[in-house]
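Side chains are part of it too, since the values below use all heavy atoms of this structure and drop only hydrogens, waters and symmetry mates. This one's a predicted model, so the numbers in the text were calculated from it and none came from an experiment.
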Amino acid sequence: MPELPEVESLRRILARSADRRTITEVRVVEPRLRRPVAHDLADRVAGRRIESIGRRAKYLMLALSGGNTLLVHLGMSGSLTHRRVATDDAPFMTRHDHLELILDDQSRLVFNDPRRFGLMKVFDADGLKTAPELAGLGPEPLDGGFNADYLAQVCRGRKAAIKNVLMDQGIVAGIGNIYASEILFRAGVRPTRRAGRLKRAEIDLIIRFTPIILNAAIASRGTTFRSYRDSRGQPGRFKERLMVYGREGEPCRTCGEPIRNVVVGQRASFYCPRCQH
DNA sequence: CTTACATCCTGATTGC
DNA sequence: TGCAATCAGGATGTAA
């Protein structure tokens, strides 16, 4: 499930392999993603050069010559792979390859998404400023905007579980189910705790560990839990370093207590009953 | 305003 | 072994 570290890893790899290349052709094989790919997307992308590759929250942003921006979201099962040639292991097209960007060096960026929860949308410069996908996003967790004063303020009076607060893209942008659980483990706070009941010291710990966890995950090029692959088709290595996510019944790496799985806001949430309070 | 929940989808896993 | 039921979950839209 691609979250900020996976998308940021993808961005960094693509920045080396695809940046400054011209998109010579766009092929839409399956437009039925979560929202249909616009019929004019190919015309608005083809022939333009990739000027820079950015990221906002879990969105990848390809800035194109002429002012258009291609916004990409991987949903839950999406990947964007850079393929230079067809091989036996990676044939030219595979199942669930929905859209491909052909670059001027004959390589291709292929969007594959089995569950089709992803997004591919193009904006002009004005449209990007008012893009509904980006308009309501909260601060980036690796920028200064996500600090203890801010988190304390948004938690004040809230009855929602702190884990739901961390996953609310309007409060802080880019954290999903895996990293919310990992951050709360490191902060020693149970995912079920009501946000408004947290002490300032606990808020401080959440803020302190958020960039530590996310940067460590980026350094491992993300977490591959089931299917995530980076643009070279490689899995992320952070799964080996997960402390709680997906480890129900396994011993806590700190104290040995079995990790528990509780449902918070319709999502599986993992925690150590001894290390987290 | 906040919170709850159904919806989209298919591969992997579980149950019988 | 085989098939059906269940689960997983990011963002969105609607309802309470």
Side-chain angles (χ1 to χ4, degrees), chain A residues 1-8 10 29-38 55-61 71-80 94-99 111-121 123 130-138 140-141 151 153-184 191-198 214 217 222-229 233 235-236 239 242 244-250 259-270:
Chain A
M1 309 111 207
E3 304 179 26
L4 184 151
E6 289 73 37
V7 180
E8 178 61 21
L10 186 62
V29 178
E30 173 55 87
R32 292 175 301 172
L33 304 184
R34 188 173 189 283
R35 312 189 94 91
V37 174
R55 179 191 60 74
R56 173 78 171 107
K58 303 172 190 173
Y59 292 92
L60 196 68
M61 303 172 72
L71 198 66
V72 181
H73 195 293
L74 299 177
M76 297 180 37
S77 59
S79 64
L80 194 61
T94 59
R95 191 160 155 75
H96 304 307
D97 284 350
H98 302 318
L99 184 150
F111 179 73
N112 180 293
D113 185 5
R115 275 169 248 186
R116 305 214 308 263
F117 278 16
L119 173 89
M120 277 270 179
K121 196 171 173 183
F123 295 89
T130 57
E133 288 82 358
L134 305 178
L137 292 174
E140 286 285 321
L151 183 58
Q153 177 220 315
V154 299
C155 283
R156 192 166 299 135
R158 264 184 203 263
K159 293 177 181 170
I162 182 60
K163 175 156 175 286
N164 289 339
V165 170
L166 293 180
M167 290 176 61
D168 185 332
Q169 302 302 298
I171 292 173
V172 56
I175 297 173
N177 208 31
I178 294 174
Y179 298 107
S181 284
E182 294 298 311
I183 290 165
L184 289 172
T192 48
R193 289 279 300 283
R194 295 189 179 242
R197 293 285 184 76
L198 294 182
L214 296 179
T223 300
T224 292
F225 201 76
R226 285 196 174 79
S227 60
Y228 167 77
R229 292 291 184 278
K239 183 176 191 296
L242 293 177
V244 289
Y245 186 85
R247 299 191 66 244
E248 181 180 9
E250 294 176 39
I259 298 301
R260 289 189 192 166
N261 176 4
V262 292
V263 173
V264 180
Q266 336 304 123
R267 295 289 178 262
S269 306
F270 301 88

Between N or O atoms, less than 3.5 Å apart, protein on one side and nucleotides 13-16 of chain C on the other: list the pairs.
from: C:dG13; atom 1: OP1; to: A:Arg35; atom 2: NH2; distance (Å): 3.3

At a cut-off of 3.5 Å, list every protein nitrogen or oxygen paired with a nitrogen or oxygen from nucleotides 1-3 of chain B, distance to 0.1 Å.
from: B:dT3; atom 1: OP1; to: A:Lys159; atom 2: N; distance (Å): 2.8
from: B:dT3; atom 1: OP1; to: A:Ala160; atom 2: N; distance (Å): 2.9
from: B:dT3; atom 1: OP2; to: A:Arg158; atom 2: NH1; distance (Å): 3.3

Subject >> Any donor-acceptor pair under 3.5 Å from A:Glu182 side chain to A:Tyr245 backbone >> reply: yes
Subject >> Distance, rounded to the nearest Å, where A:Met76 contributes CE and B:dA12 contributes C1' >> reply: 12 Å
**OP:** Ignoring hydrogens and angles, tell me if any N or O in the side chain of A:Glu3 forms a donor-acceptor pair with the backbone of A:Asn177 under 3.5 Å.
**Re:** yes
**OP:** Find the distance A:Asn261:CG to B:dT14:C1' and express it as a whole number of Å.
**Re:** 15 Å
Original post:
Between A:Tyr245 and C:dA8, is there a side-chain N or O to OP1/OP2 distance below 4.0 Å?
Top reply: no
Subject >> Short side-chain N/O contact to B:dT10 OP1/OP2 from A:His96, under 4.0 Å >> reply: no
**OP:** Round to a whole Å and report the spacing from CD of A:Glu3 to P of C:dA8.
**Re:** 16 Å
Subject >> Spacing of A:Asn164 atom CG relative to B:dC5 atom C1', expressed in whole Å >> reply: 12 Å
Subject >> Interatomic distance, A:Glu248 CD vs B:dT14 P [rounded to whole Å] >> reply: 11 Å
Please table the atom pairs, donor to acceptor, closer than 3.5 Å between any side-chain atom in residues 260-268 of chain A and protein atoms at least two apart or in another chain.
from: A:Asn261; atom 1: OD1; to: A:Ser269; atom 2: N; distance (Å): 3.4
from: A:Asn261; atom 1: ND2; to: A:Glu248; atom 2: OE1; distance (Å): 3.3

Original post:
Which ranges of DNA chain B pair up as stems, where a stem means three or more consecutive Watson-Crick or G-U pairs with both distances under 3.5 Å?
Top reply: B:2-16 with C:2-16
Subject >> By side-chain contact (heavy atoms from CB on, under 4.5 Å) - contacts of A:Arg95 (at least two apart) >> reply: none
**OP:** List in chain and number order the residues that pass side chain to side chain donor-acceptor pair (under 3.5 Å) with A:Gln169, two or more places apart in sequence or in another chain; answer none if no residue qualifies.
**Re:** none
**OP:** Name all residues meeting the side chain to side chain donor-acceptor pair (under 3.5 Å) criterion together with A:Arg56; count only those two or more places apart in sequence or in a different chain, and write none if there are none.
**Re:** A:Glu140
Subject >> Closest non-hydrogen atom pair between A:Pro141 and A:Ala173, with its separation >> reply: CD-O, 3.0 Å
Subject >> Partners meeting side-chain contact (heavy atoms from CB on, under 4.5 Å) with A:Glu250 (sequence neighbours left out) >> reply: A:Arg247
Subject >> Partners passing side chain to side chain donor-acceptor pair (under 3.5 Å) against A:Arg156 (at least two apart in sequence or in another chain) >> reply: none
**OP:** With rounding to the nearest 0.5 Å, note down the distance linking CE in A:Met76 to NZ in A:Lys58.
**Re:** 10.0 Å
**OP:** Would you tell me if any nitrogen or oxygen in the side chain of A:Gln169 comes within less than 4.0 Å of OP1 or OP2 on C:dG10?
**Re:** no
Under 3.5 Å, which N/O atoms of the protein pair with N/O atoms of nucleotides 6-9 of chain B?
from: B:dC8; atom 1: O2; to: A:Arg34; atom 2: NE; distance (Å): 3.4
from: B:dC9; atom 1: O4'; to: A:Arg115; atom 2: O; distance (Å): 3.3

Subject >> Heavy-atom pair of closest approach, residues A:Val172 and A:Leu166 >> reply: CG1-O, 3.5 Å
**OP:** For the pair A:His98 and A:Phe111, name the ring-plane relationship: parallel under 30°, tilted 30 to 60°, perpendicular over 60°.
**Re:** tilted
**OP:** Find the distance A:Asp168:CG to C:dG10:C1' and express it as a whole number of Å.
**Re:** 12 Å
**OP:** Identify, with sequence neighbours excluded, every residue that meets side chain to side chain donor-acceptor pair (under 3.5 Å) alongside A:Asn112.
**Re:** A:Asp97
Subject >> Partners meeting side-chain contact (heavy atoms from CB on, under 4.5 Å) with A:Arg194 (sequence neighbours left out) >> reply: A:Lys159, A:Arg197
